[in-house]
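Here the structure comes first, spelled out in structure tokens, and everything after it is commentary.
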Protein chains: 2
Amino acid sequence: MLFKIDSHQSQKARRVGRIRKQNETLILRAAEEEFAEKGFAGASINAIAHRAGLPKANIHYYFKNKMGLYIAVLSNIIDLWDEPLSSISGDDDPAEVLTIYIRQKIAFSQEYPLASRIFASEIISGAHNMKDYFSEDYHRWFSGRVAVFQQWIDQGKLDAKVAPAHLLFMIWSTTQHYADFSIQIAAALNKPSPDVEDFAIAEETLIHIILKGCGVLA
Amino acid sequence: MLFKIDSHQSQKARRVGRIRKQNETLILRAAEEEFAEKGFAGASINAIAHRAGLPKANIHYYFKNKMGLYIAVLSNIIDLWDEPLSSISGDDDPAEVLTIYIRQKIAFSQEYPLASRIFASEIISGAHNMKDYFSEDYHRWFSGRVAVFQQWIDQGKLDAKVAPAHLLFMIWSTTQHYADFSIQIAAALNKPSPDVEDFAIAEETLIHIILKGCGVLA
DNA sequence: GTCTATAGAGTGATAGAC
DNA sequence: GTCTATCACTCTATAGAC
């Protein structure tokens with residue numbers, strides 16, 4: 001967690017804590033939309049306040065400043081991001097693990113497209129506010145996943161021509177694409193936005209190509 | 001006398017035209033870096049001018065306003081984007097076509113990462129300045145590519161389980177990922193940025209998984 | 001706790017000297 | 001063609017009334 005919202009509450013504060021919680025949620029949701037659409041610099045506190053239905057000074061009351069609000073939004077997203085892939089081991093069946101992981105990532109793109117877009121924008125523009133996230137720990141976590149994939153290869157469960165790290169990148173990129181580039185996808189398919197059926201077809205095609213391509217499927 | 005004046009002016013104009021061309025290139029290159037890193041709203045004319053080594057009023061001299069400059073940068077990028085996939089037909093060999101296309105897209109990510117990032121940011125934030133690009137024509141072009149893929153499937157050259165449109169999305173997302181998310185990739189691999197070898201391994205892994213996954217490889 | 005009013009910093013854009 | 005000086009505007013952030 002990058003930014004901890006001050007949770008210290010006196011007895012008096014607890015009585016009104018419900019309103020605080022409610023307003024914070026309103027603001028965070030509005031901020032998510034605004035940051036996703038305009039980026040950090042393009043988003044204005046005014047517009048966020050208007051979207052949230054609150055006067056703009058309230059945002060400064062609940063969050064110290066614009067950057068604090070942005071970090072809070074980003075922290076929420078990174079918590080969501082946290083890892084359905086963390087507990088795999090070399091004994092697992094790669095076909096099953098990869099299938100579940102791809103389904104989860106596609107579901108995430110469908111459910112939280114704004115979160116995915118803010119995450120993507122932050123990385124594209126240099127990830128200056130995620131230095132903590134992309135730390136030594138991140139590399140260690142990533143290496144752990146790669147090591148399991150390598151075990152699968154050593155056991156002949158996965159094609160040796162597959163570079164484990166890049167298989168992971170492939171799953172990330174293909175699944176997140178449906179959130180981040182949904183406008184381009186919609187234009188290609190000539191509809192206002194990708195619908196549930198498109199997501200289902202995407203999922204099946206991705207699972208087929210990736211599993212078969214890795215040699216875990218006939 | 002008129003002749004003499006004309007001659008003099010055209011010589012002068014020609015000389016100045018060279019400077020204009022030169023300065024425009026300087027500004028466009030600086031703007032590309034700035035827009036890629038900060039987004040449209042975050043980029044400032046001041047910072048672009050500083051990067052280009054010119055006073056900021058010159059930018060307003062060469063380009064009408066900030067949006068004009070942004071559109072100019074975006075147009076350059078869209079020209080670059082234009083289509084190594086436009087001339088394929090059902091008679092071609094899918095293995096060959098897909099291999100070449102993936103190599104080209106990876107090379108593009110390696111050579112023009114900034115262009116890729118600006119393109120991605122523009123789409124993520126709503127593509128409001130690319131309405132013309134994502135037009136009926138775009139859908140028509142896309143449908144044409146899909147139709148060729150479908151012919152390959154009908155001829156048994158490609159697995160029937162592959163949804164053509166989503167195979168295209170897959171190639172776009174996986175290859176562009178190496179430009180757009182290179183910071184995350186670098187963090188995962190624990191190096192300052194992906195190097196030539198990483199791009200080569202990425203290319204081989206993508207080609208292997210996608211070709212084999214589509215059933216065009218043993 | 002809420003909101004109005006405003007200060008203070010920074011931006012895009014332009015006029016006019018050179 | 002180039003560049004300095006400046007305008008008009010918008011934005012974040014805060015002080016202080018309620």
Side-chain angles (χ1 to χ4, degrees), chain A residues 3 5-28 30-31 33-35 37-74 125 128-129, chain B residues 5-6 8-28 30-31 33-35 37-74 125 128-129:
Chain A
F3 176 87
I5 296 164
D6 188 3
S7 60
H8 174 268
Q9 290 178 327
S10 69
Q11 274 188 345
K12 181 182 175 185
R14 201 171 295 132
R15 207 183 312 135
V16 289
R18 214 188 57 250
I19 291 173
R20 168 178 285 270
K21 199 80 198 160
Q22 213 167 36
N23 283 348
E24 280 176 358
T25 304
L26 279 174
I27 293 167
L28 283 171
E33 294 173 13
E34 188 73 7
F35 284 132
E37 208 170 303
K38 311 269 185 66
F40 176 74
S44 85
I45 303 265
N46 222 338
I48 294 170
H50 190 261
R51 243 192 244 263
L54 292 167
K56 93 182 165 170
N58 283 35
I59 292 181
H60 284 99
Y61 176 68
Y62 289 113
F63 300 89
K64 195 171 86 224
N65 53 27
K66 189 184 182 182
M67 183 56 79
L69 176 56
Y70 179 69
I71 296 294
V73 171
L74 208 53
S125 62
H128 299 297
N129 303 111
Chain B
I5 290 166
D6 278 348
H8 171 71
Q9 280 180 337
S10 96
Q11 259 186 2
K12 182 177 178 182
R14 205 174 294 133
R15 176 157 33 88
V16 167
R18 213 187 57 245
I19 291 172
R20 168 177 284 271
K21 200 79 195 159
Q22 212 168 36
N23 283 350
E24 279 177 358
T25 304
L26 278 174
I27 293 167
L28 283 170
E33 294 174 14
E34 189 72 7
F35 285 132
E37 207 169 306
K38 310 271 183 62
F40 176 74
S44 84
I45 302 264
N46 222 337
I48 294 170
H50 191 260
R51 244 192 244 264
L54 292 167
K56 100 179 163 168
N58 283 34
I59 292 181
H60 284 98
Y61 176 68
Y62 288 113
F63 299 90
K64 195 170 86 221
N65 53 26
K66 190 183 182 182
M67 184 55 80
L69 175 56
Y70 181 67
I71 296 293
V73 171
L74 208 54
S125 62
H128 298 297
N129 304 111

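Here the structure is a predicted model, which means the values were calculated and not measured. A note on names: the letters A, B, ... follow the listed sequences, proteins ahead of strands, and every chain is numbered from 1.
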Step-by-step side chain to side chain contact (heavy atoms under 4.5 Å, CB included) determination, B:Leu69 to B:Leu28: CA-CA 8 Å; B:Leu69 175 56; B:Leu28 283 170; 4.1 Å; yes
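With sequence neighbours left out, the side chain to side chain contact (heavy atoms under 4.5 Å, CB included) criterion links B:Asn65 to B:Met67. B:Lys38 meets the salt bridge (charged side-chain N to carboxylate O under 4.0 Å, His left out) test with B:Glu34; sequence neighbours excluded. Applying the side chain to side chain donor-acceptor pair (under 3.5 Å) criterion to B:Asn23, with sequence neighbours excluded, gives B:Tyr62. Listed by chain and residue number, B:Asn46, B:Ala47 satisfy the side chain to side chain contact (heavy atoms under 4.5 Å, CB included) test with B:Ser44 (two or more places apart in sequence, or in another chain). Considering only residues two or more places apart in sequence or on other chains, B:Phe63 meets the ring-ring contact (aromatic ring centres under 6.0 Å, His included) condition with none of them.
Side-chain N/O atoms of B:Asn23 include one lying less than 4.0 angstrom from OP1 or OP2 on D:dT2.
Sorted by first and then second residue, the salt bridge (Lys or Arg N to Asp or Glu O under 4.0 Å) pairs with a member in residues 62-71 of chain B form an empty list; sequence neighbours excluded.
Relative orientation of the B:Phe35 and B:Tyr70 rings is perpendicular, given thresholds of 30° and 60° on the angle between their planes.
Per the geometry, CG belonging to A:Leu69 stands 12 Å off C1' belonging to D:dT12, to the nearest Å.
Annotation: proximity of residues 52-68 of chain B to DNA chain C (heavy atom, distance under 4.0 Å) is found for B:Lys56, B:Ala57, B:His60, B:Asn65, B:Lys66, numbered in ascending order. A heavy atom closer than 4.0 Å to some atom of DNA chain D occurs in no member of residues 37-50 of chain B.
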